[in-house]
There are 2 protein chains.
Amino acid sequence: MAGVSTGTVSNALTGKRPVAEASHQRILTAIAELGYQPNLMARGLANQRSHVLSVVIKELSDLGFYGYSSALTGIQREANRLGYSIMLHFVNSSAEEEIFATLDQIRARRADGIIWAIHEVDGNRDWVRDIRPEDYPPLTFLHMHPDPALSVVAIDNQAGASLAVAHMIEQGARTIGIITGPADWWESQSRLAGWQHALEQANLDTGSSLVVAGDWLAESGQKGLETLLNQRPDLDAVFACNDTMALGAIYTAHRCGLSIPDDLLLVGFDNTPEAESYWPPLTSIHQGLRQSGQIAVDELHQIIESGKNEHISPRQHILQPELIIRRSSMRDKI
Amino acid sequence: MAGVSTGTVSNALTGKRPVAEASHQRILTAIAELGYQPNLMARGLANQRSHVLSVVIKELSDLGFYGYSSALTGIQREANRLGYSIMLHFVNSSAEEEIFATLDQIRARRADGIIWAIHEVDGNRDWVRDIRPEDYPPLTFLHMHPDPALSVVAIDNQAGASLAVAHMIEQGARTIGIITGPADWWESQSRLAGWQHALEQANLDTGSSLVVAGDWLAESGQKGLETLLNQRPDLDAVFACNDTMALGAIYTAHRCGLSIPDDLLLVGFDNTPEAESYWPPLTSIHQGLRQSGQIAVDELHQIIESGKNEHISPRQHILQPELIIRRSSMRDKI
DNA sequence: TTGTATGCGTTATCAA
DNA sequence: TTGATAACGCATACAA
């Protein structure tokens with residue numbers, strides 16, 4: 001008799017109930033011969049558990065890829081370790097229409113959890129207030145404004161920006177401009193606040209002529225520095241809110257015959273792998289993006305495993321960034 | 001009576017059979033009230049169709065993110081349009097162990113199709129020969145060596161490289177070095193062949209002292225140009241096989257006091273958004289990565305819809321890249 | 001230790 | 001046009 005019942009096969013595969021060694025062997029060889037693969041849709045249906053994590057990000061095009069890519073790497077590694085598959089969703093606008101279309105898709109797929117990693121823009125997280133939590137799987141927000149009512153994993157952007165600016169002050173800078181991201185992004189606001197805080201600590205100018213908004217792309221860094229130089233001929237340092245815009249600023253400095261760091265100090269944010277090959281090599285703020293992705297998965301996994309009925313109180317994970325010093329900010333060259 | 005049978009609900013939602021207007025309305029309002037979402041796992045189980053596409057890429061960390069990110073964007077857009085969800089899988093090594101673990105996961109999830117977008121390295125696609133095709137869903141290879149027996153969407157890397165080199169020859173270059181990617185990558189080999197072809201056409205030197213291998217990262221571009229300059233003091237142009245390594249080459253040129261383009265012409269590959277903010281702005285080869293992702297999805301969709309039993313003969317899509325000229329390669333400045 | 005029966009949420013078949 | 005009923009492939013409670 002080659003036959004074994006389906007129940008026994010199930011037990012052999014999941015190991016939830018003991019199976020005789022003989023049967024176990026027969027099942028294994030049969031599986032190998034037939035090229036059998038368990039159907040995870042059926043299993044999910046029976047278990048009410050899909051072992052799928054939905055990750056929602058903004059469309060990667062145009063935008064800096066580095067942030068999303070790094071976070072995704074951390075997410076994927078940890079998810080894989082814990083036995084989850086990753087479903088990827090893109091959202092482009094802040095239109096509620098699109099957001100709810102995505103959420104519906106996630107619900108329909110019965111994902112076990114959601115990592116919401118859309119950069120926060122004024123008001124584009126309001127939908128959370130409007131939904132019935134019991135309709136959705138556990139939800140963790142990645143790289144967004146901490147909120148005690150929600151599960152959030154984020155970088156301390158303000159502290160990072162302060163780190164950058166304080167460092168330039170220490171190097172002797174007195175008139176420090178900033179090229180921010182779009183004004184409605186939380187990250188922009190947070191880094192701007194950090195810049196301002198560090199300057200106030202040192203009693204330095206924080207006037208609006210020192211602030212210009214970019215859009216994270218290199219070209220806006222070019223124009224940003226142009227504008228700053230026009231507004232403040234006495235400018236002696238710049239904090240660019242990401243490395244890509246810093247690259248644009250370097251471009252403009254070259255074009256204007258200004259030497260970095262001799263005439264102008266420069267610090268970026270992100271610490272992309274390329275930053276050390278800029279000319280000059282760029283001082284930058286390192287965020288633990290991979291780590292934050294990992295933490296988000298762990299957090300979610302914990303909530304999922306807990307049964308989520310016992311209403312775990314949401315946790316806030318705030319990671320501290322780190323200053324990586326390179327030549328672009330060193331007044332006295334080595 | 002508020003009751004309608006499940007079958008009618010199914011028909012109302014899928015529209016596969018006519019439903020009375022009255023019932024239809026009642027169903028719609030009930031759905032809205034209850035916050036009902038169809039269970040796609042159950043639907044998939046019944047339909048033998050998951051409406052999931054599995055995308056397999058190499059882990060993004062360290063590697064240049066640009067290529068994968070762009071392709072992923074194209075894939076996601078088209079998949080979304082056609083009603084597929086995207087499952088993302090990472091593979092790191094060429095170990096068959098890891099490859100088959102990934103393939104097993106995909107099979108277990110019953111994906112409708114696979115986009116295999118791991119950069120090809122010597123022999124790491126051999127597994128295709130060992131599998132029984134009937135065990136797997138339709139499979140399309142993205143950015144790999146065309147193979148008449150397989151469905152492939154790729155860029156013509158050789159043509160792109162030739163474009164780059166021919167352009168520099170036209171600008172007056174006579175001793176043109178190349179910084180390739182890792183020697184075992186198909187892309188590297190292909191671009192190297194294009195470099196060689198263009199030089200032979202013009203009866204120029206293709207000696208091994210003009211070739212140095214990088215690893216796609218900026219730092220290898222730095223060292224690459226150093227090596228080339230040591231080996232060939234007469235070097236007057238360089239083709240870097242991606243923009244990131246070109247950035248490294250620019251670094252070294254600056255460090256050595258060489259002017260690009262006055263002393264050295266430089267062309268990259270990828271045409272990343274940052275390339276135009278390098279100093280000098282970088283001439284580069286534009287690949288239609290987003291488009292190739294889209295084509296891969298369309299291709300797959302077509303095979304899936306066809307029922308795949310009628311053995312569609314696999315198609316090869318080869319996209320032609322494009323030369324984007326910027327200052328780094330212009331002998332006579334404007 | 002193993003087989004049998006039932007349910008998971010959907011679609012499809014067949015009557016009504 | 002609709003309602004019952006049997007798959008789909010797995011897990012599980014209950015018997016054996």
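The figures that follow rest on heavy atoms only: side chains count, while hydrogens, waters and symmetry mates do not. Chain naming here is simple, since letters A, B, ... match the order of the sequence lines and numbering starts at 1 in each. This is a predicted model, so every value here is computed, not measured.
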Asks: Between A:Phe141 and A:Arg125, is there a cation-pi geometry (under 6.0 Å to ring centre, at most 45° from the normal)?
Replies: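 Ring-cation test returns yes.
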
Asks: Can you tell me how far CD of B:Glu78 sits from CZ of B:Arg81, rounded to the nearest 0.5 angstrom?
Replies: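 Reported to 0.5 Å precision, the distance equals 4.0 Å.
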
Asks: Tell me, please, the opening and closing nucleotides of DNA chain D, 5' to 3', among those with an atom under 4.0 angstrom from a non-hydrogen atom of chain A.
Replies: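 The protein-touched segment is D:dG9 to D:dA13.
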
Asks: Which one of A:Ile99, A:Leu142, A:Val55 satisfies the side chain to side chain contact (heavy atoms under 4.5 Å, CB included) criterion with A:Trp116?
Replies: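 In the set A:Ile99, A:Leu142, A:Val55, the residue that makes a side chain to side chain contact (heavy atoms under 4.5 Å, CB included) with A:Trp116 is A:Ile99.
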
Asks: Could you write nucleotides 8-16 of chain C as a row of B, S and -, 5' to 3', where a protein heavy atom under 4.0 Å of any base atom gives B, of only sugar-phosphate atoms gives S, and otherwise -?
Replies: BBBSBB---

Asks: Quick test of your reading of the model: are A:Asp126 and A:Arg129 salt-bridged, counting only N-O distances below 4.0 Å?
Replies: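 Salt bridge flag = no for A:Arg129 with A:Asp126.
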
Asks: Does B:Arg107 count as lying over the ring of B:Tyr136, i.e. NZ or CZ under 6.0 Å from the six-ring centre, within 45 degrees of the axis?
Replies: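 Output yes; distance and angle both within limits.
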
Asks: Would the A:Tyr68 and A:His143 ring centres measure less than 6.0 Å apart?
Replies: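 Distance test on ring centres: not under 6.0 Å, no.
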
Asks: Among residues two or more places apart or on two chains, list those pairs meeting side-chain hydrogen bond (donor to acceptor under 3.5 Å, both in side chains) that have a residue in residues 31-49 of chain B.
Replies: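 Residue pairs passing side-chain hydrogen bond (donor to acceptor under 3.5 Å, both in side chains), neighbours aside: A:Asp104-B:Gln37, B:Arg49-B:Asp112, B:Arg49-B:Glu305.
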
